[in-house]
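Report on the structure given below.
Just so it is clear: chains get the letters A, B, ... in the order the sequence lines come, proteins before strands, and each one is counted from 1.
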Amino acid sequence: MSEHDGHGHDHAGPAASPPEQRAAALEALLIEKEILTEGFIDTVVTTYESRVGPMNGAKVVAKAWVDPEYRAKLVEDATAAAAELGFKGPQGNMAVVENTDEVHNVVVCTLCSCYPWPVLGLPPAWYKSPSYRARMVREPRALLAEMGCHVPDDVEIRVWDSSADKRYLVLPQPPAGAEGKSEEELAELVTRDSMVGVARL
Amino acid sequence: MSEHDGHGHDHAGPAASPPEQRAAALEALLIEKEILTEGFIDTVVTTYESRVGPMNGAKVVAKAWVDPEYRAKLVEDATAAAAELGFKGPQGNMAVVENTDEVHNVVVCTLCSCYPWPVLGLPPAWYKSPSYRARMVREPRALLAEMGCHVPDDVEIRVWDSSADKRYLVLPQPPAGAEGKSEEELAELVTRDSMVGVARL
Amino acid sequence: MDAIHDLGGKQGFGTVAIEPAEPVFHEPWERSVFVAVLGVLRGGIGNNSQFRHAMERMDPVHYLSGSYFEKWMTGIATLLAEKGVVTQEELEARAGGPFPLAPNPELKDVPDPAPDGDTARFAPGDAVVVTKDRPSWHTRCPEYVRGRRGEVVAVRGTVAVPHIEVHRNERTPEQTYSVRFEGSELWGSAAEPGTSTTVDLFQSYLEAA
Amino acid sequence: MDAIHDLGGKQGFGTVAIEPAEPVFHEPWERSVFVAVLGVLRGGIGNNSQFRHAMERMDPVHYLSGSYFEKWMTGIATLLAEKGVVTQEELEARAGGPFPLAPNPELKDVPDPAPDGDTARFAPGDAVVVTKDRPSWHTRCPEYVRGRRGEVVAVRGTVAVPHIEVHRNERTPEQTYSVRFEGSELWGSAAEPGTSTTVDLFQSYLEAA
């Protein structure tokens with residue numbers, strides 16, 4: 001597009017037909033070429049719409065809270081510890097980073113949107129937004145506060161940019177009133193945001 | 001705009017009314033507030049549509065080719081030397097960089113679109129494009145070749161990024177067949193592109 | 001590649017919009033795209049690094065204005081076209097309109113993998129400096145750490161070197177490390193106090209400090 | 001400010017489109033915008049650095065997709081609104097629709113000017129290193145030279161420090177220099193042979209190497 005299109009835009013991005021038409025074209029061609037099968041499609045959809053999600057990570061966290069041995073294993077080898085509970089798969093080479101009274105951890109992927117799928121499912125839109133990717137490394141304290149997560153000034157913030165193969169899960173601190181609750185009850189208290197590090201429990 | 005607008009765009013830039021309506025609004029308000037007057041508008045338009053442009057720079061270059069004393073002055077203080085010919089005004093703190101058999105110079109402004117208005121007028125759209133601004137510093141040889149300017153491998157390329165107050169004018173080498181021509185005839189041979197450094201004569 | 005995807009530390013993007021109770025997919029077409037990507041990568045037609053690189057090569061306005069699944073759709077279709085599995089014409093005929101793909105500029109002098117990349121040269125506690133190199137080819141070294149000094153906090157094991165995987169379609173293992181950078185080292189006087197960023201970097205991106 | 005305007009060395013923008021026999025203005029509205037900018041800056045309502053900074057703060061997609069005069073229009077209207085000369089409501093009422101302006105995020109800790117900035121500390125031939133600082137405020141130090149080593153090739157005289165002019169509306173003179181960087185210093189193994197870039201930098205951006 002040239003500068004004189006009368007709309008003040010000399011470069012509005014390439015023309016594109018509606019995404020639903022393009023996606024349908026892509027899917028149809030892949031089925032015809034036998035790269036996709038109905039069985040594979042069903043498995044993938046069921047997996048990512050029902051079987052993986054933050055409820056998996058919550059189980060990992062709750063177990064780590066009640067079982068010191070499991071916690072040690074999780075910190076040593078998160079991939080193996082998650083697999084023990086049945087959580088593994090793509091984007092599943094994982095590491096756990098522990099929040100303490102002195103340290104708050106938060107995860108970002110500045111170059112794309114890497115995320116620990118087996119324990120958190122697919123990432124929410126905000127995690128994939130240019131704004132989150134750009135700002136979390138430069139101004140984590142301000143951005144966390146904007147997102148409602150107020151980290152005290154005397155607590156160090158460690159940002160993890162997952163730029164190679166490891167995918168990070170934050171091990172949050174248990175909330176007040178967690179004492180005496182069962183592992184299942186505790187798992188109910190663990191939110192996705194606390195495991196990304198944009199919330200404290 | 002949220003991610004689920006159905007068009008695959010979660011951030012298409014802010015909504016805007018047509019530029020001609022916005023420009024008219026701006027102009028009308030500035031006239032009402034007596035920041036713009038008809039006289040000022042006429043003067044600016046006449047100046048930048050008729051009086052300043054590459055024909056000014058061409059006169060500077062032609063004079064430097066035939067008059068060694070002027071050339072020395074131009075290289076020492078381009079602003080003063082251009083003013084001698086009547087060329088001065090905004091964006092007019094200038095420096096001249098000389099092409100030789102060993103060195104080819106080319107000008108860019110990566111941060112905005114700085115340009116020596118008194119001798120070249122307002123910059124062309126390509127000079128202001130993200131592509132020119134991004135590429136000229138990283139791959140000047142490849143970009144110049146793409147623009148039809150083939151700089152021999154044994155000629156050093158010096159890119160000038162006008163990031164402070166100086167505005168740069170390239171003093172090209174005279175073309176073959178320039179010998180014996182008058183200053184006026186020579187000025188006809190000097191192109192805008194040769195004074196930005198994206199062409200050789 | 002110093003493309004628009006390298007967003008760490010960039011300003012001007014405004015607040016992070018948060019959608020409560022967000023579904024996994026907002027539209028059925030996003031589900032189709034997700035399945036297509038998993039199917040293509042599982043099928044070995046291309047690798048994950050090539051898919052990523054295809055998205056990085058997208059027109060910058062398309063990249064920034066497009067949603068995540070818009071980028072995925074463009075990236076996987078680009079990969080399929082470049083591998084000769086489909087043509088842009090086929091895609092556009094089926095879609096009934098334009099199907100933009102990412103351009104693929106010619107690259108010169110993509111370097112060989114570093115020798116002995118699978119042997120760990122650094123250990124936790126080591127001070128390192130990231131290379132100042134700004135490769136035109138695929139890299140997983142973000143601009144904001146280049147030339148900056150950090151400390152190795154973990155050895156993360158070998159991973160296929162990204163630019164070799166992308167540009168030669170070969171897997172050469174190289175050690176990776178978590179390297180911690182103080183906020184002040186990255187942002188200078190604009191840094192927030194008491195903050196650091198830990199970045200996972202390949203051994204060939206690092207030098208002893 | 002590390003905003004979208006800092007384009008030097010970025011990839012993915014494709015070929016440079018050239019229009020033969022291009023007019024000074026393509027549309028009458030571009031002429032109006034040009035005159036408006038000159039009139040406002042001549043009138044002392046704001047300075048040139050503030051006008052530039054207003055454009056740098058534009059939404060990144062708006063900045064990249066908008067033409068030069070679209071950016072000028074947005075920048076000057078933003079400046080006028082911030083100076084209290086017009087309101088966005090007035091502009092939109094007259095325009096008969098949305099008139100987007102650049103946001104103005106709050107800045108903390110904008111530093112004072114360096115002392116003795118008008119005294120030249122460097123001379124041609126001096127080796128210098130550019131500060132690694134990545135200020136959140138206005139700067140004319142492009143990212144691609146930060147932390148990189150160059151040679152002073154000319155002293156260019158004093159100019160008002162840009163961030164002081166923008167954020168305090170004061171003119172504090174500081175020496176500027178043309179500093180030459182070899183291509184290999186800037187781009188590493190991707191550099192073209194026999195190329196350099198000379199950048200004009202303020203004294204406070206430089207340290208002796």
Contact part of [X] toward chain C, heavy-atom cut-off under 4.5 Å: side chain, backbone, both or neither?
{"X": "Glu32(A)", "result": "side chain"}
{"X": "Gln91(A)", "result": "side chain"}
{"X": "Ala95(A)", "result": "side chain"}
{"X": "Ile41(A)", "result": "both"}
{"X": "Ala15(A)", "result": "both"}

What is the minimum heavy-atom distance between [X] and [Y], and which atoms define it?
{"X": "Trp160(A)", "Y": "Arg156(C)", "answer": "CZ3-NH2, 3.8 Å"}
{"X": "Cys114(A)", "Y": "Arg52(C)", "answer": "SG-NH2, 3.5 Å"}
{"X": "Ala134(A)", "Y": "Phe13(C)", "answer": "CB-CD1, 3.9 Å"}
{"X": "Asp59(C)", "Y": "Gly13(A)", "answer": "OD1-CA, 3.7 Å"}
{"X": "Ser163(A)", "Y": "Asp200(C)", "answer": "OG-O, 2.6 Å"}

Chain A contact via [X] - which portion, at a heavy-atom distance below 4.5 Å:
{"X": "Val85(C)", "answer": "both"}
{"X": "Glu92(C)", "answer": "neither"}
{"X": "Thr176(C)", "answer": "side chain"}
{"X": "Tyr177(C)", "answer": "neither"}
{"X": "Val40(C)", "answer": "both"}
{"X": "Tyr63(C)", "answer": "side chain"}

What option among [options] has the most heavy-atom pairs under 4.5 Å with chain A?
{"options": "Ile18(C), Val33(C), Asp6(C)", "value": "Ile18(C)"}
{"options": "Thr15(C), Thr74(C), Ile4(C)", "value": "Thr15(C)"}
{"options": "Pro60(C), Gly157(C), Gly14(C)", "value": "Gly14(C)"}
{"options": "Lys10(C), Arg140(C), His5(C)", "value": "Arg140(C)"}

Quiz item: Does the cation-pi check pass for Arg42(C) over Phe40(A), that is, NZ or CZ under 6.0 Å from the six-membered ring centre and within 45° of its axis?
Solution: yes
Any donor-acceptor pair under 3.5 Å from [X] side chain to [Y] backbone:
{"X": "Arg141(A)", "Y": "Gly194(C)", "result": "yes"}
{"X": "Trp29(C)", "Y": "Arg22(A)", "result": "no"}
{"X": "Glu22(C)", "Y": "Ala125(A)", "result": "yes"}
{"X": "Thr110(A)", "Y": "Leu7(C)", "result": "no"}
{"X": "Ser32(C)", "Y": "Ala23(A)", "result": "no"}

Exercise. State, with a plain yes or no, whether a side-chain heavy atom of Phe69(C) is found less than 4.5 Å away from one of Pro19(A).
Key: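 SC-SC contact between Phe69(C) and Pro19(A) ruled out.
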Quiz item: Side chains of Leu38(C) and Tyr48(A): closer than 4.5 Å at any heavy-atom pair?
Solution: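 Side-chain contact under 4.5 Å: yes.
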Quiz prompt | Worked check of salt bridge (Lys or Arg N to Asp or Glu O under 4.0 Å) between Arg138(A) and Glu192(C) | solution = CA-CA 8 Å; Arg138(A) 172 188 277 268; Glu192(C) 290 180 339; over 6 Å; no
Exercise. Check the pair Glu90(C) / Lys33(A) against salt bridge (Lys or Arg N to Asp or Glu O under 4.0 Å), numbers first and verdict last.
Key: CA-CA 12 Å; Glu90(C) 276 181 290; Lys33(A) 290 174 198 287; 3.3 Å; yes
Quiz item: Do the ring planes of Trp117(A) and Phe34(C) sit parallel (below 30°), tilted (30 to 60°) or perpendicular (above 60°)?
Solution: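 The rings of Trp117(A) and Phe34(C) sit tilted, inter-plane angle from 30° to 60°.
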